[in-house]
Number of protein chains: 4
Amino acid sequence: MQDAAQKPARTAAAGRHPPRARKSIGAVRSPETHRAILAAAADILDEVGYTGFSMEALARRANSSKPTIYRWWRNKAALIMEVYEDANEAALAGTDTGSLRGDLISRLRGLWTWWDDSWAGEALRSVIAEAQLDAATLDELRNRFIPRRSAFVRLVFDRAVARGELRDGPGVDIAVAQLVAMSWFHLLTRRLGEREAIEPHVDAVLKGLDADKAYRRPVKQKPVRGT
Amino acid sequence: MQDAAQKPARTAAAGRHPPRARKSIGAVRSPETHRAILAAAADILDEVGYTGFSMEALARRANSSKPTIYRWWRNKAALIMEVYEDANEAALAGTDTGSLRGDLISRLRGLWTWWDDSWAGEALRSVIAEAQLDAATLDELRNRFIPRRSAFVRLVFDRAVARGELRDGPGVDIAVAQLVAMSWFHLLTRRLGEREAIEPHVDAVLKGLDADKAYRRPVKQKPVRGT
Amino acid sequence: MQDAAQKPARTAAAGRHPPRARKSIGAVRSPETHRAILAAAADILDEVGYTGFSMEALARRANSSKPTIYRWWRNKAALIMEVYEDANEAALAGTDTGSLRGDLISRLRGLWTWWDDSWAGEALRSVIAEAQLDAATLDELRNRFIPRRSAFVRLVFDRAVARGELRDGPGVDIAVAQLVAMSWFHLLTRRLGEREAIEPHVDAVLKGLDADKAYRRPVKQKPVRGT
Amino acid sequence: MQDAAQKPARTAAAGRHPPRARKSIGAVRSPETHRAILAAAADILDEVGYTGFSMEALARRANSSKPTIYRWWRNKAALIMEVYEDANEAALAGTDTGSLRGDLISRLRGLWTWWDDSWAGEALRSVIAEAQLDAATLDELRNRFIPRRSAFVRLVFDRAVARGELRDGPGVDIAVAQLVAMSWFHLLTRRLGEREAIEPHVDAVLKGLDADKAYRRPVKQKPVRGT
DNA sequence: ATGTAAGCGAGACGGTACGTCAGGTCTTGTA
DNA sequence: TACAAGACCTGACGTACCGTCTCGCTTACAT
């Protein structure tokens with residue numbers, strides 16, 4: 001997807017729905033419809049990118065309707081946020097390399113790759129862009145989305161703390177913020193391809209965290225998953 | 001402006017143009033028109049934010065017209081980029097505090113304040129958002145805009161190098177990137193108000209840069225300006 | 001209601017249902033529900049007019065549900081037709097003034113007043129409007145509704161015939177049609193307030209009917225009710 | 001069209017525009033666009049009736065756009081009113097038969113036929129229906145449209161007055177109203193086919209007008225056109 | 001007495017259309 | 001030839017109402 005986007009070409013795409021008809025299952029939210037919408041959203045982001053993403057196209061593709069979508073999601077951004085988190089939940093396996101440095105590198109590399117290879121990067125880019133246009137979306141992004149997402153990075157540090165590799169403290173929050181900010185920066189400028197930038201950044205962050213001073217000795221720990 | 005944004009309220013604003021009538025000055029670009037457009041753009045960003053910014057409103061406010069605007073700028077983003085750089089050129093005085101740490105803190109604090117207090121933050125937010133929708137804009141942003149802007153941060157390091165406070169090297173580029181990324185992160189999530197976050201971040205970055213190891217002794221140097 | 005209608009104001013209205021809860025009374029149509037729906041329909045027409053009338057609002061107001069409504073009425077128009085006829089059955093007292101002219105004037109005046117003062121005019125307006133959108137409704141309107149309603153005007157003539165004031169004939173049908181058409185015309189253009197138009201119209205119709213030539217002498221007759 | 005309308009079938013119709021693209025001709029209303037829209041509206045009414053008439057379809061068919069349409073017409077009804085009047089202006093030739101009775105019959109017969117055979121009847125039906133939903137439209141209909149249209153019937157009477165066949169007076173206004181009302185009645189109930197109803201109606205109206213009493217002798221007069 | 005069939009409220013659903021907004025292009029007429 | 005003006009198409013937005021569907025509950029009636 002990187003840089004490819006030709007605007008008009010994209011808009012045209014967004015495929016046809018199968019002739020199947022999903023109807024109400026009573027006075028209760030239809031999980032099938034819910035899933036179909038999220039899936040269709042992911043598909044569209046994947047195939048034509050955010051530029052070609054419209055609620056109209058989404059409704060058509062999901063074999064659903066605009067009112068149904070708007071019944072469940074405040075707006076485009078809210079929907080895409082859910083699409084993103086949904087997939088993120090399931091996507092990223094953390095590798096336990098035994099060291100904080102190794103874990104962070106592995107995690108960031110995994111994240112950047114996921115962003116770059118799937119529609120996920122498109123999704124997050126679009127959420128950030130929308131948040132610049134709508135205060136409520138920005139709020140949600142800042143107060144809920146980011147904390148949830150950052151937690152997955154934070155986890156890696158927590159593991160290191162448990163392992164005795166690191167002392168907890170405010171420095172850890174700063175380090176997490178640095179890593180997230182840097183990832184956003186690469187995402188928003190479409191430089192996710194520069195994976196070789198990850199290692200030196202992690203090193204700088206860890207040095208900044210003064211990791212070595214806290215070093216005791218590794219403790220056995222079972223791996224954890226997530227972003 | 002921080003957090004204030006009520007969408008409808010903003011959209012409504014975007015004031016009336018002064019009754020002045022500027023016309024063509026012949027077969028040459030009218031600098032007055034040019035200036036009026038940039039000024040009007042700044043005003044709108046200031047008063048109603050990016051949300052309320054439309055080319056229509058801009059033309060009206062500048063007492064100009066859409067075709068004239070499009071004659072000189074490729075699109076909305078290109079225009080706003082120029083607005084931003086134009087002002088940035090003139091806005092930031094760097095203080096020479098005698099130490100890299102002091103300079104960086106002063107510079108970042110100045111930048112965040114400028115973003116937060118003027119329309120500049122709005123402008124940059126909008127440029128970044130637009131870049132997510134248009135490949136050409138992203139290109140411009142990545143390949144020209146960011147390098148130019150980062151240079152102003154880089155300058156501070158260069159001065160420290162000249163001063164003998166620091167050895168040059170790839171770590172410096174990383175440090176610059178970290179500072180820029182962190183600033184963007186705060187800008188895009190409207191957390192520019194948290195100025196107290198600056199010091200610890202700078203400290204972390206400098207530790208990551210291993211600044212102390214490179215320390216020799218300060219050398220007199222005259223101040224430099226910019227972002 | 002005449003002329004009052006401000007569209008958005010009306011749409012907003014359509015009040016809350018009383019907290020009462022009607023439920024099924026078994027495998028048989030609940031007359032209470034039936035009545036509640038017709039009453040709610042009348043209320044809505046009265047308060048917010050046809051413009052603010054929606055099946056959704058009706059169901060809410062009647063403390064019922066859309067499927068229940070659609071179980072018993074083919075569509076909106078069918079329901080409103082019943083509402084109208086239901087009330088009409090009970091509403092109009094014919095006065096026996098002793099003369100055809102007096103009876104017609106009294107009848108029309110009563111009709112126009114009833115239309116204007118109650119929701120009835122709104123109801124009929126909406127039926128006519130709906131009939132323009134749906135062939136089946138038009139059919140019902142033309143073949144059943146109008147004949148039934150016109151019969152009440154026809155009655156007045158029949159009485160005159162019985163009285164010996166008038167000879168029956170095709171002219172009577174024409175006269176009835178003229179009076180109905182004129183009433184519709186005033187209803188649809190919201191000029192029911194112009195009651196002074198009634199007398200001259202009736203006179204013209206009677207002259208057209210050549211009533212005087214048929215005149216014998218009055219015969220005693222007891223009054224009849226209805227439109 | 002009588003009764004035929006199958007809703008979904010109709011909606012599907014509404015033909016394809018030619019691939020040609022009409023663009024702005026400068027800061028002035030494009031008469032070509034204006035004409036194209038009115039023509040397309042007439043076509044759609046003709047082909048699929050009012051039920052299948054949508055602004056979307058109209059824009060597509062006229063090779064224009066919704067915003068352009070809404071720039072020039074307040075809403076659907078306003079547009080259709082113009083379509084109707086536009087055509088009416090050009091459509092009906094009055095025949096001068098030498099007698100008021102003959103002229104009226106000819107005029108009504110022409111009107112009913114025009115309504116029934118062209119899209120004009122559909123147009124007027126839809127205007128009347130819309131007027132029941134929107135106060136502004138009703139206003140326009142009552143205060144401007146109807147007086148203008150009625151004038152064409154009035155003309156026939158004026159001619160008779162000039163001819164000495166008739167004395168002017170309030171009775172004439174009533175007669176005009178009766179004829180218009182009756183025509184509407186037949187239009188709205190889709191009984192325009194009953195042309196044989198025209199003659200007796202005209203006779204009744206003329207008798208009601210007491211035309212014979214005013215009779216002097218015919219005066220030469222040149223024919224006039226219109227509804 | 002109990003199982004069945006229907007009425008009922010709730011509310012989600014697909015669908016169609018509405019009227020609005022912004023972006024970027026086009027052409028005219030004036031200076 | 002630059003400019004103001006403003007009409008134009010494109011494409012998307014979010015909302016309203018329609019008539020349908022299914023659920024789970026409740027009750028009359030026939031077995």
Side-chain angles (χ1 to χ4, degrees), chain A residues 8 11 21-30 32-34 53-57 59-60 62-72 74-76, chain B residues 11 21-30 33 53-57 59-60 62-72 74-76 133, chain C residues 11 21-30 32-34 53-57 59-60 62-72 74-76, chain D residues 7-8 11 21-30 33-34 52-57 59 63-72 74-76:
Chain A
T11 308
R22 228 182 6 276
K23 287 297 174 62
S24 166
I25 57 165
V28 70
R29 181 172 192 173
S30 157
E32 196 190 345
T33 294
H34 183 204
F53 188 101
S54 80
M55 296 306 257
E56 196 99 36
R60 200 166 42 243
N63 216 346
S64 177
S65 69
K66 282 206 287 175
T68 296
I69 298 175
Y70 281 104
R71 184 170 12 254
W72 300 114
R74 230 179 17 83
N75 56 27
K76 200 154 60 150
Chain B
T11 308
R22 256 168 315 84
K23 288 297 175 68
S24 168
I25 55 169
V28 70
R29 178 174 191 171
S30 157
T33 295
F53 186 100
S54 77
M55 297 306 260
E56 203 100 20
R60 199 165 46 241
N63 217 346
S64 176
S65 68
K66 286 204 284 173
T68 299
I69 298 174
Y70 281 101
R71 184 170 8 258
W72 302 114
R74 227 176 19 83
N75 57 24
K76 192 151 74 147
L133 296 171
Chain C
T11 307
R22 257 169 315 84
K23 288 296 176 68
S24 167
I25 57 167
V28 70
R29 179 173 191 172
S30 158
E32 196 187 346
T33 294
H34 185 207
F53 188 100
S54 77
M55 296 306 260
E56 204 100 19
R60 198 164 46 241
N63 217 345
S64 177
S65 68
K66 286 205 284 173
T68 298
I69 298 174
Y70 281 102
R71 182 166 13 251
W72 302 113
R74 231 179 14 85
N75 58 25
K76 193 152 72 147
Chain D
K7 212 169 175 182
T11 308
R22 228 186 359 275
K23 287 297 176 62
S24 167
I25 57 163
V28 70
R29 181 173 191 173
S30 158
T33 294
H34 185 204
F53 187 101
S54 80
M55 296 306 258
E56 196 99 37
N63 218 346
S64 177
S65 68
K66 282 204 286 175
T68 297
I69 297 174
Y70 280 103
R71 190 181 354 265
W72 300 112
R74 225 176 23 80
N75 57 27
K76 199 155 58 150

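Reminder, nothing fancy here: chain letters follow the sequence lines and each chain counts from 1.
- Out of dG19(E), dT15(F), dC18(F), the shortest distance to the side chain of Tyr70(A) is found at dT15(F).
- For the pair Ser65(A) and Arg29(C), both in contact range of DNA chain E, the more 5′-proximal nearest nucleotide belongs to Arg29(C).
- Rounded to an integer number of Å, the gap from Glu32(A) CD to dA12(E) P is 17 Å.
- With dC21(F), dA16(F), dC18(F) as the choices, the nucleotide that has an atom nearest any side-chain atom of Lys76(C) turns out to be dC18(F).
- The side chain of Lys66(B) approaches dG23(E) more closely than any other nucleotide in the set dA10(E), dG23(E), dT20(F).
- Ranking dA12(F), dA4(F), dA22(E) by closeness to the Thr33(B) side chain, first place goes to dA4(F).
- For the pair His34(A)/Trp72(A), no side-chain contact is recorded, criterion being any heavy-atom separation below 4.5 Å from C-beta on.
- Which of dC9(F), dG19(E), dG14(E) sits closest to the side chain of Ser64(A) comes down to dG14(E).
- Atom pair Trp72(C):CH2 and dA6(E):P shows a separation of 11 Å (rounding to whole Å applied).
- For Asn63(D) and dC8(F), the CG to C1' distance is 12 Å, given to the nearest whole Å.
- Between the OG1 atom of Thr68(D) and the CG atom of Asn63(D) there is a distance of 11.0 Å, given to the nearest 0.5 Å.
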List, with names and distances, any nitrogen or oxygen atoms from the protein found under 3.5 Å away from nitrogen or oxygen atoms belonging to nucleotides 27-31 of chain F.
unit_1: dT27(F); atom_1: O3'; unit_2: Ile25(C); atom_2: O; d: 3.1

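- To the nearest 0.5 angstrom, Lys66(C) atom NZ is 8.0 Å from Ser54(C) atom OG.
- Taking for each of Met55(C) and Glu56(A) the nucleotide of DNA chain F with the nearest heavy atom, the 5'-most of the two is the partner of Glu56(A).
- In this structure, Met55(C) and Tyr70(C) approach most closely via the heavy-atom pair CG-OH, 3.3 Å.
- Across the protein-nucleic acid pair, Arg71(B) atom CZ and dA4(F) atom C1' stand 10 Å apart, rounded to whole Å.
- In this structure, Ile69(D) atom CD1 and dC21(E) atom P are separated by 17 Å, rounded to whole Å.
- Distances were taken from every side-chain heavy atom of Thr68(B) (C-beta onward) to each of dC8(F), dC3(F), dC13(F); the shortest belongs to dC3(F).
- For the pair Arg60(A) CZ and dT16(E) P, the interatomic distance rounds to 12 Å; values are reported in whole Å.
- Across dC8(F), dT22(F), dA12(E), the shortest atom-to-atom separation from the side chain of Pro67(C) is found for dT22(F).
- Of all non-hydrogen atoms in Ser30(C) and Ile25(C), the two that sit nearest each other are CA-CD1, 3.9 Å.
- Here dA12(F) presents its P atom at 17 Å from CG of Asn75(A), a figure rounded to the nearest Å.
- For the side-chain contact (heavy atoms from CB on, under 4.5 Å) test, residues two or more places apart in sequence or in another chain that qualify with Arg74(A) are Ala78(A), Asp134(A), Ala136(A), Thr137(A).
- Rounded to a whole Å, the NE2 atom of His34(C) is 10 Å from the P atom of dC8(E).
- Taking CD of Glu56(A) as the reference point, atom OG of Ser65(A) lies at 10.5 Å (rounded to 0.5 Å).
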